[in-house]
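First up is the structure itself, then whatever we jot down about it.
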There are 2 protein chains.
Amino acid sequence: MRREGIQAIIRPRSIAVIGASRDPSKIGFRILHNVLSSGFRGPVYAVNPNADEVLGLKCYRSVVDVPGFVDLAVVAVPARLVPQVLVECGLKKVSAVAVISSGFKEVGNVELEEQVVETARKYGFRILGPNIVGICDTVAPVNASFCQGSPLKGEIAFVSQSGALSIALVGWTVLKGVGLSALVSLGNKADLDENDFLEFFGRDPHTKVITAYLEGIEDGRRFIEIASKVSLNKPILVLKVGKSERAMGAIKSHTGSLAGADAVAEAALEQCGVIRAPSFVELFDWAVALAKVPIPVGENVVVITNGGGAGVMATDAAEQYGVKLMDVPHDLTEKFRKYMPPFGSVFNPIDLTGMASKEWYKGAVYEALRDHRVHSVVVIYCHTAVTNPKEIADAILEARRESSVEKPVVVSLIGGDECFKEIQRLTSEGVPAYESPEKAMAALGAVYKYKRLRDKLLETKTYPDLIVDKTTAKTIIEAAVKEGRTTLTPFEAAKLAKCYGIPVLEKRLVTSREEAVKTAEEIGYPVVLEIESPQVIHKTDVGGILLDLKNAEDVAKGFDAIVKSVKEKVPGAEIRGVVVRKMAPKGVEVLIGVHRDPFFGPVVAFGSGGVLVELVKDVVFKVAPLSIEEAREMVEKTKAYALLKGYRGQEEADIDAIVNVLVRVSKMVTDLPEINDVDINPFFVYGKGAGGLAIDVKILLKPS
Amino acid sequence: MRREGIQAIIRPRSIAVIGASRDPSKIGFRILHNVLSSGFRGPVYAVNPNADEVLGLKCYRSVVDVPGFVDLAVVAVPARLVPQVLVECGLKKVSAVAVISSGFKEVGNVELEEQVVETARKYGFRILGPNIVGICDTVAPVNASFCQGSPLKGEIAFVSQSGALSIALVGWTVLKGVGLSALVSLGNKADLDENDFLEFFGRDPHTKVITAYLEGIEDGRRFIEIASKVSLNKPILVLKVGKSERAMGAIKSHTGSLAGADAVAEAALEQCGVIRAPSFVELFDWAVALAKVPIPVGENVVVITNGGGAGVMATDAAEQYGVKLMDVPHDLTEKFRKYMPPFGSVFNPIDLTGMASKEWYKGAVYEALRDHRVHSVVVIYCHTAVTNPKEIADAILEARRESSVEKPVVVSLIGGDECFKEIQRLTSEGVPAYESPEKAMAALGAVYKYKRLRDKLLETKTYPDLIVDKTTAKTIIEAAVKEGRTTLTPFEAAKLAKCYGIPVLEKRLVTSREEAVKTAEEIGYPVVLEIESPQVIHKTDVGGILLDLKNAEDVAKGFDAIVKSVKEKVPGAEIRGVVVRKMAPKGVEVLIGVHRDPFFGPVVAFGSGGVLVELVKDVVFKVAPLSIEEAREMVEKTKAYALLKGYRGQEEADIDAIVNVLVRVSKMVTDLPEINDVDINPFFVYGKGAGGLAIDVKILLKPS
């Protein structure tokens, strides 16, 4: 009898409203009222020990008294009463419970929330919430929320971590004519979270696009896993807030949810094919386009306009949003010429001029749709004195019908009230339309972004079978852990990196002049000598470093000189010895690193080294593990790439060597969960085929 | 009798519609109809030789037959008839003519357009157009256009280079509730252009904000001059689209190619206090805010919200748009606490929570307005189940009234139809309101941007009295011009730079071993030797350069070696000699350049040198002449600035030396109009007080 929890939440078969109230100002009243007026066809039960009847329904004292099966229990009683109510839900064997009530973790009542989750686990049902607005579903249909009104029917699922925003956006989407398949308020995510709904809507045949408002993604690894699969099938758009430092503070103070570093979230979202929207306006603008148009088969876009200025706006916006305006082949330009005066333009944007009639629009759009070399069409219209928006909308719809071709057509109608009406009509007929050329182009840009992200997810990923010395690596880490250290010594870090096949500049610690000479002879000249002392930070300032020593004599003298100088200049410094290392030839400086994000797990970083990395923030992130293709993409995405490829006659650098190290570092942190951070900075890259060298390796372990 | 042309165009006293038509499908009908129905109070005359009466008005055969004074003639006859009509206007001594007719330069009829301008000059009247939609003015009021309907009355002037957009935006602004003081269609700008209207609206008491849609700014110097003055008094917002092919074509040098036409326009607009909007949506969103709110006295902004999520959106947007959320002082947070439950947040954004009532909103907004440490207030509201948008709008308006304080208050009401209504009401009552927190914050950002740009225009500008050798400089240029050259030789360029006090690395061309040694002795060791040959591009590859030569013997040997190597490796190369130059100590590499933009005149560039400049496009532009303050601002705006200031323990560079050279270069190109491009790359900057050195100077002259 009991059904899968999430199914029962979105598409319940029967509902009990616990805390149903006769007072119209109470949430318990509003929810029951919404359920009853939403067209829900299953049995509805009211539960309230203090009433006999609510809104014409018989009222039960407890959910256990309800005669029929209860698929979804919606709980709107004061927080302190929730645990007892949930026990009763458990006894009644409900499929799932939506806990509307607030007064839990969000106000500091962590224990009460834990108690609620335990009860659900004990009785084997799932919980949505607590602290939610509820659920609206336009398929069942059902509105089990205290929103005012219901969303319009549509194909966009919306999952929201903010309750206030859920209510407000129901009204906003209705005003804008945006239809939803369902709306879910996540609340405190005590049990079910965005990942569960992502999975559900991923296989929901009534949902074409999934949208979400998120403040934090707590289980980032699972999010990536699910989103990577769902994105292959349908687009996911996310409004993830908390970019600014200050916003992160605000998020902590208001829901207790920790927002991960924004750069990591940004990288992770892109990696699993998710499109990030800058505000809810774009979230739905773009979702509408993705729900309505087919995915284009190619990148060739044609813009048809009746205003030169509007055409230029579209061109500027195309560049901004990654939409590629094609060079129109000659034979096609000749076809377009039939629909414009002699001073019209066939140089994409196709400018039919202000004289453009319904027939010209229809003809031009038809030609663009019929030509197999054109993959998407953007139609721009400025309301003129000689036409009205209805004619133009008709022209577009007729051309589309008569061409019998399925291609993305995106429209902008610029003008007043009449344009607004036709924008809504076109959109509802499958042609997304917007008030400005920029918005239309941004929406098509989102369609192309989805296409490219999905194509990337479909590409082969190669995870090479690396030969590594995991045993030794584990021994090194265990030794440090045993000593209670979270920082590996430079020697341990270098050794660990070498276990994973990362080329590291060899460094040896010596404690005597003789040993220094012997080591230098073994390593080969020229060498560098550096003091090893915890008290010496700036080695150069105290004569603690000597470069480019070319023979035994210089090394012997150098050893003495360094020790003497440091002893004089830093009295009392603990001198552990002197590090002898090869004087590495200078290569292009890059940075390779790893940080273990609390939500998304290990994240690999690659970027320009030296001062550049901090001045221009030329760093790219990706969540580990990395395939060879992903590692290469990281390198290609940096500004440093132009330099590495051999900029302005410089030698091409060994990019394969970087890719190799990125994959190996990714493998290292995936194999060894004790590692928290890795910092290879600088890594010197040499000419093509000549490899690279980690000059400095730092490794931090997770605090125990 | 005759009035100032532009005054007659915007606020005519009497109008003659020449080409008035009885056919409602004709533009001549629409214009007369609009004039008559727009509430225009002056005399209106219809002119049409083929009709006796149009729309109830007696029709005159020619404008000369009109009995009264004609202030503005609106011409809507076929292009070929325009010249004769204009002669008649001249004879009638009209103040100005708006030529609606198209069929001139925009379709290639350049001569016809010139003829029209000549006629106007001859008879001493001004022309708007041709190829325009007309003029709407809500002050007179008058609608002398073929737009459908008239704009709402308001305080925003709109000047548009696109006719189609003008018509479309009349409808759009009405739909959005945006009021205009006037709308002008510029058309082909045969006579009057954006600068004339900028000047007019700058002193128009009915206009608070000037907005413009521009594709090109032909007279950029005049634009800067006028806009710099107008911006001190009222904000100018511009939607500038596209990139001018014409400007790009003229670009030859390195600096020139960096100074894409659009980058120059961007820099020029900012320099004269103009705010650039990304689309017409933001153009009017921001104009409304600037027309409605006072300029804030300080940067402290408080956000008041009832939704944590919406507060985070506002916080992210604040950072994006340069709005500074203040840390609220403790005594004020205590006041805010009165208007929220215990789990509300007083960490700006002030989160009143979803429980927020009208009274709480009113109280919190009142406290924020009354506190003198708060300079602007952003109010965010998510439509909830417990309040309605009207209450909240009332709360804001009441708090504003009762506080008796004039401060910017910007609002976002998130929700459906009811919110939309209140957005319009709030805006009309002087509180700009928007559908999303991002839009509200962007609008306040524009207000702050205007404040900062205006403050900068008000700052003192110091133009030092530089002692330069202009006479010698002119001689150098004249010599080159006489020889028909547009490129100065490296020696000429260096000499010219030195005339303007720019420190240049000394280079001398020698043709014998002995001369090389003698020159090196004079310059001082170490020196560099470089082959001078037009055929040798990559000197290093052919052994054509030798660095760090420390004595006479090395220089003598080096001279021979270089010549021999080049002769062997580049047979037939014309060897003009060997350049001897001092081995300059390595400094921080920067780039200093000038490009003479065809529209805005000489533009100075400063940025990171070396490969950096191209990889990260770290270049800042400003139109010359530069004050010391502007030159310093340029340096401060680059990413290189962090480096120059002494990044990560590096020595601070001599920023004053850069500022000095920027000012001198700016003076040089202002003094010498023959110079088209200057490229000082690299310029080495040394430690503070140690100056800098131009290593390479290239100067191009204007093609004759």
Side-chain angles (χ1 to χ4, degrees), chain A residues 27 30 106-107 146 148 161-165 167-169 171-172 174-175 213 215 241-244 246-247 249-251 253-255 278-281 306-310 312-313 315-316 343 354 382-385 414-420 435-436 438 611 615-616 639 642-643 647-649, chain B residues 27 30 106-108 146 148 161-165 167-172 174-175 213 215 241-242 278-281 306-313 315-316 318-319 325 343 345 347 349 351 354 382-385 414-420 435-436 438 538 611 615-616 639 642-643 647-648:
Chain A
I27 282 175
R30 280 182 184 260
E106 82 281 8
V107 296
F146 61 92
Q148 286 173 308
Q161 197 174 340
S162 160
L165 207 64
I167 303 180
L169 289 183
W172 187 85
V174 170
L175 179 69
Y213 165 81
E215 289 164 8
V241 296
K243 292 183 192 181
S244 49
R246 197 178 183 93
I251 288 177
S253 76
H254 105 271
T255 60
S279 89
F280 64 77
V281 177
N306 71 336
V312 182
M313 290 175 189
T315 309
D316 284 354
F343 57 91
C382 294
H383 193 166
T384 65
I414 311 171
D417 198 39
E418 286 175 76
C419 284
F420 180 72
E435 66 178 327
S436 75
E438 290 81 4
V611 290
L615 286 187
V616 306
K639 298 200 176 81
L643 208 65
Y647 187 74
R648 284 211 159 176
Chain B
I27 282 175
R30 280 182 184 260
E106 82 282 7
V107 297
F146 61 92
Q148 286 172 307
Q161 199 174 339
S162 161
L165 207 63
I167 304 180
L169 289 183
V170 166
W172 187 85
V174 170
L175 178 68
Y213 165 81
E215 286 161 13
V241 297
S279 89
F280 63 77
V281 177
N306 70 337
V312 179
M313 290 173 188
T315 308
D316 282 353
E319 191 175 283
L325 301 198
F343 57 92
S345 171
F347 179 80
D351 185 358
C382 294
H383 193 168
T384 64
I414 311 171
D417 198 40
E418 286 175 76
C419 284
F420 180 72
E435 66 179 327
S436 74
E438 289 82 3
H538 298 292
V611 289
L615 287 187
V616 306
K639 297 200 177 81
L643 208 65
Y647 187 73
R648 281 208 162 174

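None of the values given here were measured: they were computed from a predicted structure. Convention: sequence-line order gives letters A, B, ...; per-chain numbering from 1. All values below were derived from every heavy atom in this structure, side-chain atoms included, with hydrogens, water molecules and symmetry-related copies excluded.
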Considering only heavy atoms, which portion of V174(A) lies under 4.5 Å from any heavy atom of chain B: side chain, backbone, both, or neither?
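For V174(A), no heavy atom lies under 4.5 Å from chain B.
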
Top of [options] for chain A proximity - count of heavy-atom pairs under 4.5 angstrom:
| options | answer |
| --- | --- |
| A168(B), G163(B), A318(B) | A168(B) |
| G108(B), S162(B), P278(B), A164(B) | A164(B) |
| A310(B), G354(B), S436(B) | S436(B) |

Measure [X] against the heavy atoms of chain A and call it side chain, backbone, both or neither at under 4.5 Å.
| X | answer |
| --- | --- |
| V107(B) | both |
| E435(B) | both |
| I167(B) | both |

What's the spacing between Q148(B) CD and T384(A) OG1 if we round to 0.5 Å?
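Result: 7.5 Å between the selected atoms.
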
Minimum heavy-atom distance E106(A)-F343(B), with the two atoms named
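Taking E106(A) first and F343(B) second, the nearest heavy atoms are O-CB, 4.5 Å.
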
Nearest heavy atoms of G309(B) and E215(A), plus distance in Å:
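Result for this residue pair: CA-OE2, 3.3 Å.
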
Donor-acceptor under 3.5 Å (D316(B) side chain, V241(A) main chain)
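Absent.
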
With a 4.5 Å heavy-atom cut-off, do W172(A) and H383(B) have their side chains touching?
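Side chain of W172(A) against side chain of H383(B), heavy atoms only: no contact under 4.5 Å found.
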
Between chain B and each of A385(A), C419(A), G307(A), count heavy-atom pairs under 4.5 Å; write down the option with the most.
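Of the options given, most contacts go to A385(A).
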
